[in-house]
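A quick note: this is a predicted structure, and the numbers were derived from the prediction, not measured.
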Amino acid sequence: MWAFFARLLDSSMFSPHGICLLWEPELIWLHVASDALIAMAYFSIPIALAILVSKRRDLKFGWVYWAFGVFILACGFTHVLSIYTLWVPIYGIEGLVKAATAIASVFTAGMLWPLLPELLTITSPFELRRVRAALEEEEMKGRGAERMLAQFQETQRALRESMARLTAVVETAVDGFILIDSRGRILLFNRRLRKAVWLSRRRSLSGECQAADAANI
């Protein structure tokens, strides 16, 4: 095992990659600039993912973000080594880094595909906004209904107060008073009218009694 790694890390038999490019400055610096920019982008993405996961504790499957971060970070190191091997032929170390990148990428892909159906069920921001808008609309309708109920109760209270004032005025009237609606139903009458009706009925009964007594005699 140790002999295998010693042979793998031995770079004395290899030439730097720059020889394959014939040390052409344009080609060398094209590769250097490209790999450097790719590496910087790859190194920045895991930092952004780490900040996202640390700030948003409510995210489901947070480990997926960490797996992507490790995978992308390993990809960044492969590009750094691509620059270094232009001058130093450490292809064994570069191969080990690529192998680690391959393991991280296969693990991430293998864990991502089974999660895909569940990930697709996560509510999108658009759906959340639509649900919030619907809830706000229902809340506004509820407030409108509450206002209508309050207005109805206020109207009922004002009507009761008006009827109470009208009753008080009618009860204190000198003459008899009766209020009848369009259907002929009696809505209100005062005590003066009740007393007049009672006296009239009493007199009528008294007259009937006297007539009956006279007939018996």
Item checked: Intermediate values then yes/no, side chain to side chain contact (heavy atoms under 4.5 Å, CB included), L86 and L21 -> CA-CA 9 Å; L86 287 172; L21 302 179; 3.9 Å; yes

Margin query: Would L73 and Y42 count as a side chain to side chain contact (heavy atoms under 4.5 Å, CB included) here? Give the steps.
Written below: CA-CA 6 Å; L73 187 66; Y42 278 170; over 6 Å; no

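- By the rule that hydrophobic residues join a cluster once side-chain heavy atoms approach within less than 4.5 Å of another member, F107 and V53 end up as members of one cluster.
- Nearest heavy atom pair, residue V70 against residue A104, reads CG1-CB, 4.4 Å.
- I47 and I72 sit in two unconnected hydrophobic clusters of ILVMFWY residues. Membership requires side-chain heavy atoms under 4.5 Å apart, directly or through other members.
- Heavy-atom minimum distance, A39 versus G76: CB-O, 3.7 Å.
- Both W66 and L49 belong to a single network of hydrophobic side chains, linked directly or stepwise wherever heavy atoms of I, L, V, M, F, W or Y lie under 4.5 Å apart.
- Using a 4.0 Å cut-off between a side-chain N of Lys or Arg and a carboxylate O of Asp or Glu, R143 and E146 do not qualify as a salt bridge.
- Ring orientation note: the planes of F14 and Y91 are nearly perpendicular, at an angle over 60° on the 30°/60° scale.
- Put simply, V97 and M40 are part of two different groups of oily side chains (I, L, V, M, F, W, Y) that touch within less than 4.5 Å, one to the next.
- Taken to the nearest 0.5 Å, the NZ atom of K98 stands 5.5 Å off from the OG atom of S82.
- In this structure, L81 is a member of the same hydrophobic cluster as W29, with clusters built from ILVMFWY side-chain heavy atoms closer than 4.5 Å.
- Between the CD atom in E154 and the CG atom in L149 there is a gap of 12.0 Å [rounded to 0.5 Å].
- Side-chain contact between V80 and Y84 is absent, with no heavy-atom pair separated by less than 4.5 Å.
- When all heavy atoms of T78 and E94 are compared, the pair lying nearest together is O-OE2, 4.4 Å.
- For W23, the CH2 atom sits in a packed shell: over 12 heavy atoms of surrounding residues, nucleotides or ligands are nearer than 6.0 Å.
- Taking the six-membered ring for Trp and thresholds of 30 and 60 degrees, H17 and H31 have ring planes more than 60 degrees apart, a perpendicular arrangement.
- Checked against V32 for a side-chain contact (heavy atoms from CB on, under 4.5 Å), the options D35, L30, I28 give a single hit: I28.
- Aromatic pair F77/F43: centroids less than 6.0 angstrom apart.
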